[in-house]
Novice: 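After the structure tokens below, expect a handful of questions from me.
Only a predicted model underlies this, so the values are computations on that prediction, with no experimental measurement involved.
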Amino acid sequence: MNIPAWPKPVALGVLIGAIAVSTVGFSWGGWVTGGTAVKMANTMSHEKVIAALVPVCVDLSRTDAERAAKMAEIRETSAYQRRTVLMGTGWATMPGADNADRDLAQACLAALEPDLS
């Protein structure tokens with residue numbers, strides 16, 4: 001059986017084109033794999049939930065009867081330990097949760113920064 005000469009260059013061109021399109025798509029086109037898309041979605045949703053819960057944390061701090069003492073304790077603590085102290089106040093523990101959320105505590109600390117000055 002004789003195979004014509006033209007299929008070999010066509011097949012090579014299709015292969016090179018597919019590699020080029022894939023490389024350009026994943027490098028500059030914004031294409032991502034399914035696993036990367038899931039990670040990005042989880043990160044974005046976590047950030048949005050934290051942003052939505054910051055007003056609750058700030059409200060808990062403003063309605064706390066011992067707010068002045070707790071704010072003084074946070075103010076006296078070194079900057080890298082303030083999140084841990086804020087977690088201990090209970091302001092970063094959402095109703096129904098057992099433990100304080102570290103990311104929420106950090107965001108709440110940033111929202112309370114003007115009060116700490």
Side-chain angles (χ1 to χ4, degrees):
M1 180 165 140
N2 291 336
I3 299 175
W6 64 268
K8 184 177 179 181
V10 170
L12 188 58
V14 168
L15 180 65
I16 291 172
I19 291 171
V21 166
S22 296
T23 302
V24 169
F26 281 104
S27 298
W28 298 298
W31 298 356
V32 293
T33 61
T36 302
V38 168
K39 287 178 189 174
M40 290 170 58
N42 287 338
T43 301
M44 287 174 51
S45 65
H46 180 72
E47 290 171 356
K48 296 296 181 183
V49 167
I50 294 300
L53 290 176
V54 168
V56 175
C57 177
V58 171
D59 188 51
L60 286 173
S61 74
R62 291 205 173 119
T63 58
D64 192 350
E66 301 172 2
R67 182 178 198 272
K70 290 178 181 178
M71 290 295 280
E73 182 182 358
I74 293 171
R75 205 175 293 117
E76 293 168 359
T77 306
S78 62
Y80 68 92
Q81 291 180 335
R82 285 184 176 179
R83 178 176 59 185
T84 305
V85 173
L86 189 127
M87 288 172 63
T89 64
W91 298 340
T93 304
M94 290 300 100
D98 295 331
N99 299 324
D101 186 88
R102 296 179 65 80
D103 295 332
L104 178 58
Q106 187 67 39
C108 188
L109 191 61
L112 291 173
E113 192 65 38
D115 295 341
L116 292 172
S117 301

Novice: Starting at CE of Met71, measure out to CG of Leu112 and round the result to the nearest 0.5 Å.
Specialist: 5.0 Å

Novice: Can you find a pair of side-chain heavy atoms, one from Phe26 and one from Thr36, that are under 4.5 Å apart?
Specialist: no

Novice: First locate atom CH2 of Trp91, then atom CG of Asp59, and finally report the distance between them rounded to the nearest 0.5 Å.
Specialist: 11.5 Å

Novice: Using a 4.5 Å cut-off on heavy atoms from C-beta on, say whether the side chain of Thr93 contacts that of Asn99.
Specialist: no

Novice: Quick one: does Ser45's side chain have a donor or acceptor within less than 3.5 Å of a partner on Asn42's backbone?
Specialist: yes

Novice: Can you give me the closest heavy-atom contact between Asp115 and Arg75, atom names plus distance?
Specialist: O-NH2, 3.4 Å

Novice: Assigning hydrophobic clusters by single linkage (Ile, Leu, Val, Met, Phe, Trp, Tyr; side-chain heavy-atom cutoff under 4.5 Å), is Met87 placed with Ile50?
Specialist: no

Novice: Which heavy-atom pair separates Pro114 from Ala110 by the least distance, and what is that distance?
Specialist: CD-O, 4.2 Å

Novice: So how far is it from Ile74 CD1 to Arg82 CZ, rounded to the nearest 0.5 Å?
Specialist: 8.5 Å

Novice: Is the backbone of Ile19 close enough, under 3.5 Å, to the side chain of Ser22 for a donor and an acceptor to pair up by distance?
Specialist: no

Novice: Taking C-beta and beyond as the side chain, do Met94 and Leu60 meet within less than 4.5 Å on heavy atoms?
Specialist: yes

Novice: Does Leu104 belong to the same Ile/Leu/Val/Met/Phe/Trp/Tyr cluster as Val49, with side-chain heavy atoms less than 4.5 Å apart forming each link?
Specialist: yes

Novice: Dump the intermediate steps for side chain to side chain contact (heavy atoms under 4.5 Å, CB included) on Leu53 and Asp101, then the final yes or no.
Specialist: CA-CA 11 Å; Leu53 290 176; Asp101 186 88; over 6 Å; no

Novice: Nearest 0.5 Å, what's the OG-NZ distance between Ser61 and Lys70?
Specialist: 10.0 Å

Novice: Quick check against the 3.5 Å criterion: does Arg83 have a side-chain atom that pairs as donor or acceptor with the backbone of Gln106?
Specialist: no

Novice: Looking only at heavy atoms, what is the nearest atom pair of Val58 and Cys108, with distance?
Specialist: N-SG, 4.0 Å

